[in-house]
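Naming convention: chains lettered A, B, ... in sequence-line order (proteins, then strands); numbering from 1 in each chain.
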Number of protein chains: 2
Amino acid sequence: MSSSPSESISLPPLNLPQGPEDKFREFLEIRGEKLTAPRRTLIAHIFAHHKHFDADELVSDLQTSGQRVSRATVYRTLRLLVEAGILRELRLTNRTVYEHDYGYPSHDHMHCTECGTILEFTNEEIRQLRERMASLHGFRASGHRFIITGKCGKCLRARSPRRRLDLI
Amino acid sequence: MSSSPSESISLPPLNLPQGPEDKFREFLEIRGEKLTAPRRTLIAHIFAHHKHFDADELVSDLQTSGQRVSRATVYRTLRLLVEAGILRELRLTNRTVYEHDYGYPSHDHMHCTECGTILEFTNEEIRQLRERMASLHGFRASGHRFIITGKCGKCLRARSPRRRLDLI
DNA sequence: ATTGATGCAAAGGCTTTGCATTGCT
DNA sequence: AGCAATGCAAAGCCTTTGCATCAAT
């Protein structure tokens, strides 16, 4: 068996100079806003796991774990966390998911159109390419999205099962 | 004055072995479906201009030009055109736009977060990188999205106007 | 006290769908 | 005739917003 996970493959975290909550507090303070209880609940929850999630999953996960934050607040807070550079928003074909940004190495994604798995990978060339292309066109890049779509190994194997007997 | 256009910069079209309508007819025939009058209206309209557009623009552009196709049919047809590989769907931050795919060279995008301009560019390395990354992770790539976000030259100039007098 | 945050429910976009009607082949 | 497409209006998602209430400084 390979060790390939099924939902989202993580990269090793960076060493955090400060936790995401601190970072959020700082962000809010600058804008004269507050790190309230619901917001802390959310950030704690989000950083307890490393996975891609959408707003709805967040709401129901919270409910499951006994906590509760209103849907409106979840949406409002997600937006803030993205603005703060703590979460990154990823618009996939069917849904919008979020992932950790702060304290996590920059990376790109492969998205399996079959099972929905999101795989993360890093490659330095992409950023270089982006800078090169941007300056070539008078652009100043602030970010990029590079998403490879296709089928993951698991789905490829499932679809064309290449039975053992054929190999005899 | 530079020659930079404002809405979407086009690449030179490829030589079409068959027109987009033929391609669509072929696609539909295989599925036992029909190239009807509304569908022809749509495809003619879409390929009359080369620009990025969203569903709503398409509806109103049609109305302006006296033609009329119901919103439902527009949505249904757009979906078919994407399935047929004739249009490509691009999910930007705020809206979903479509662009010509069939008969048009493959390319990537820069998206100005300031004015919304979409700029197209080609670069061979991206595809190679994509294949390399995919096989490295047991993936079979079927496509990719590479969107560089930032500010276009025009907006950069507008923001920091660097007045002529300063240069004297 | 004052300012912002929360929760609720309502409102909004955008997109899809059920269904009766129309139109091809 | 028979099957699929259209148009309309209604329904569905997901997300945002108005507003009264609550909380924290």
[X] has an atom [atom1]; how far is it from atom [atom2] of [N], in whole Å?
{"X": "A:Ile43", "N": "C:dA5", "atom1": "CD1", "atom2": "P", "value": "15 Å"}
{"X": "B:Gln67", "N": "D:dT6", "atom1": "CD", "atom2": "C1'", "value": "16 Å"}
{"X": "B:Leu80", "N": "C:dT15", "atom1": "CG", "atom2": "C1'", "value": "15 Å"}
{"X": "B:Arg39", "N": "C:dG23", "atom1": "CZ", "atom2": "P", "value": "15 Å"}
{"X": "B:Arg25", "N": "C:dC24", "atom1": "CZ", "atom2": "P", "value": "14 Å"}
{"X": "B:Asp56", "N": "C:dG13", "atom1": "CG", "atom2": "C1'", "value": "10 Å"}
{"X": "B:Arg31", "N": "D:dC3", "atom1": "CZ", "atom2": "P", "value": "18 Å"}
{"X": "A:Leu28", "N": "D:dT25", "atom1": "CG", "atom2": "C1'", "value": "15 Å"}

Name the residue closer to the 5' end of DNA chain C, choosing between B:Ala72 and B:Asn94 according to the nucleotide with the nearest heavy atom.
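Comparing both residues, the 5'-ward one is B:Asn94.
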Closest-nucleotide ordering on DNA chain C, the 5'-leading residue of A:Gly32 and B:Ala55:
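Of the two residues, A:Gly32 wins.
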What contact category does A:Arg76 fall into here, base, sugar-phosphate, or nothing, at under 4.0 angstrom with non-hydrogen atoms?
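A:Arg76: base contact, heavy atoms under 4.0 Å.
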Heavy atoms under 4.0 Å, any strand shown: does B:Arg79 hit a base, just sugar-phosphate, or nothing?
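B:Arg79: backbone/sugar contact only, no base atoms under 4.0 Å.
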Parallel, tilted or perpendicular: which describes the rings of A:His50 and A:His100, with under 30° parallel and over 60° perpendicular?
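Perpendicular.
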How are the rings of A:His107 and A:His109 set relative to one another: parallel (under 30°), tilted (30 to 60°) or perpendicular (over 60°)?
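It falls in the perpendicular class, over 60°.
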Which of these nucleotides, [options], is closest to any side-chain atom of [X]?
{"X": "B:Arg71", "options": "C:dT15, D:dC14, D:dA4", "result": "C:dT15"}
{"X": "B:Tyr75", "options": "D:dC8, C:dT15, C:dC8", "result": "C:dT15"}
{"X": "A:Lys34", "options": "C:dG23, C:dG4, C:dT15", "result": "C:dG4"}

same_hphob_cluster(A:Leu28, A:Phe47) at 4.5 Å side-chain heavy-atom cutoff
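Both belong to a single hydrophobic cluster.
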If you pin B:Arg68 and B:Glu33 to their nearest nucleotides in DNA chain D, which one's is more 5'?
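Closer to the 5' end of DNA chain D: B:Glu33.
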Give a yes/no answer on whether the side chain of A:Thr36 brings an N or O atom under 4.0 Å of OP1 or OP2 in D:dA24.
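For D:dA24, OP1/OP2 do not have a side-chain N/O of A:Thr36 under 4.0 Å.
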Do side-chain atoms of B:Thr149 reach the backbone of B:His111 as a donor and acceptor pair under 3.5 angstrom?
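Side chain of B:Thr149 to backbone of B:His111, a donor-acceptor pair under 3.5 Å: no, none is there.
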Check: A:Glu57 side chain, A:Asp54 main-chain N or O, donor-acceptor pair, under 3.5 Å
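At least one qualifying donor-acceptor pair exists.
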